[in-house]
Number of protein chains: 2
Amino acid sequence: MNAISTYTTILETSYRLFAEHGFDKTSMTMIAKEVGLSKPALYYHFSSKEAIIQTLFEELCKSIGFSSFFRIEAYTKDNFEETFIADGLQIIHKQQTDMYYSRILNQYQALGYRDPAYSLKLVQILEGFTAGFAELLAHGVSIGAIAALDVLTKAQMLTMIIDSMDNFMSYGLTYSYENIWTTAVKSLIKGDPA
Amino acid sequence: MNAISTYTTILETSYRLFAEHGFDKTSMTMIAKEVGLSKPALYYHFSSKEAIIQTLFEELCKSIGFSSFFRIEAYTKDNFEETFIADGLQIIHKQQTDMYYSRILNQYQALGYRDPAYSLKLVQILEGFTAGFAELLAHGVSIGAIAALDVLTKAQMLTMIIDSMDNFMSYGLTYSYENIWTTAVKSLIKGDPA
DNA sequence: GTCTATACGAGGATAGAC
DNA sequence: GTCTATCCTCGTATAGAC
């Protein structure tokens, strides 16, 4: 038994190859060679290529929900804006540590066009962000930190900014994402409390 | 000679099949069958599958630049906000008339990860939007329609909203995109002129 | 411009031994 | 758990006739 199991090595290697070459252009032969196994040994661990793709998807989904980044109970009237900004910056930093993340996500999105199992889950994550932002903004209103105006629309816009920053980063665009997020939050949640 | 040439029919059919099944899962056999041709006849018009993909990409790029939607010379102090909103809504409406558009774009983005020819052009289009918005906002400042604050960052945010709305629409999410765009523009360009 | 027939390679997956 | 050898299918692409 290795310290790092074959199973885990296969997943990590597949993740990288899928990001570099895409699902379709990454063959089981490539994965086996890169891991240092024969194809049948690979099939011993995963019954099909689709099984690898699904397993990776489940792992991915575990770590990218709204509540992994934003903790509503920490928001007070005094720290509201700065905490909002800081929590969002966590997402940016996480993505900057995994160059492959958005490429992989892009491919699951494409898969979702043909297999609702993927799109349903991805939509659920996006809607989780919108619902989370809406709840957070509503919380901000209730504690008197911000004005109650267009809460749902603003939540949707924040979700879009997060979604799109990910996209831009995957293109290699070197924008000042920290600055964009900070400006977005300030633009959207400013205004005197009602 | 048909009124609609074989060449055009191939492109239109390919566009639809690529959107429905993806580039890789759409074979030349499928395209030939759907068009009503044999495979060699198909290869007579396009020397390879890649050639079809490239031709479609060039056609696509022609119609999605910033200047196809925003006409800076029409912006005055009095109509600035409403024209800004109206021009952006054109993009939303255009995308709503072509369900396949964002699916196809998603795939060219994925291709771009491996072939810079695609990503360079796509990045160019995105940067065209950011530059266009920045120019438009600067114009707004110069004619006294809006305040001069964070012009570049705001231009980037607007590009992101456009980019992400496209993405959300492709998921089938039925948000009120008109409302989001309107709120985005109002949130970002409001403020008294300097 | 379009066809029938076919070459050729690669990919997913399995049989059966160790 | 891992191997060698192999099967089958399907993909791109071409040869050569009409």
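No hydrogens, no waters, no symmetry mates; every other heavy atom, side chains included, goes into these values. For clarity, every value in this text was computed on a predicted model and none was experimentally measured. Every chain is numbered from 1 and lettered A, B, ... according to where its sequence line falls, protein lines coming before strand lines.
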Inset, instruction - Under the ring-ring contact (aromatic ring centres under 6.0 Å, His included) rule, what do A:Y75 and A:F70 come out as? Steps first, then yes or no, please. - result: CA-CA 9 Å; A:Y75 285 67; A:F70 293 86; 7.1 Å; no
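- Candidate nucleotides D:dT2, D:dG11, C:dT2 were compared by shortest atom distance to the side chain of B:A41, and C:dT2 ranks first.
- No hydrogens or angles were tested; on distance alone, nothing pairs the side chain of A:K49 with the base of C:dG11 as donor and acceptor under 3.5 Å.
- Regarding B:I10, its CD1 atom lies at a distance of 11 Å from the C1' atom of C:dT2, rounded to whole Å.
- Between A:M28 atom CE and D:dC3 atom P the separation is 14 Å, expressed in whole Å.
- For the pair B:S47 and D:dT12, the criterion of a side-chain N or O lying under 4.0 Å from OP1 or OP2 is not met.
- B:E58 and B:K121 are not joined by a salt bridge, as no carboxylate oxygen comes within less than 4.0 angstrom of a charged side-chain nitrogen.
- Within the nucleic acid shown, B:S38 comes within 4.0 Å of at least one base atom, counting heavy atoms only.
- Regarding A:L37, its CG atom lies at a distance of 5 Å from the P atom of D:dC3, rounded to whole Å.
- Residue B:F46 contributes atom CZ, which lies 19 Å from atom C1' of D:dT14 at whole-angstrom precision.
- Between the side chains of B:T8 and B:S5, at least one donor-acceptor pair of N or O atoms lies under 3.5 Å.
- Between A:K33 atom NZ and D:dT2 atom P the separation is 18 Å, expressed in whole Å.
- Summary of the strand contacts: B:L42 and A:Y43 both lie near DNA chain C, and taking for each the nucleotide with the nearest heavy atom, the more 5' one is attributed to B:L42.
- Between B:M30 atom CE and D:dA13 atom C1' there is a gap of 18 Å when expressed in whole angstrom units.
- Taking atom NZ of residue A:K39 and atom C1' of nucleotide C:dG16, one finds them 17 Å apart after rounding to whole Å.
- Checking the phosphate oxygens (OP1, OP2) of C:dT2, no side-chain nitrogen or oxygen of B:Y44 falls inside 4.0 Å.
- One atom, CG of A:D24, and another, P of D:dC10, lie 16 Å apart when rounded to the nearest Å.
- Between the side chains of A:Y101 and A:D166, not a single donor N or O lies within less than 3.5 Å of an accepting N or O.
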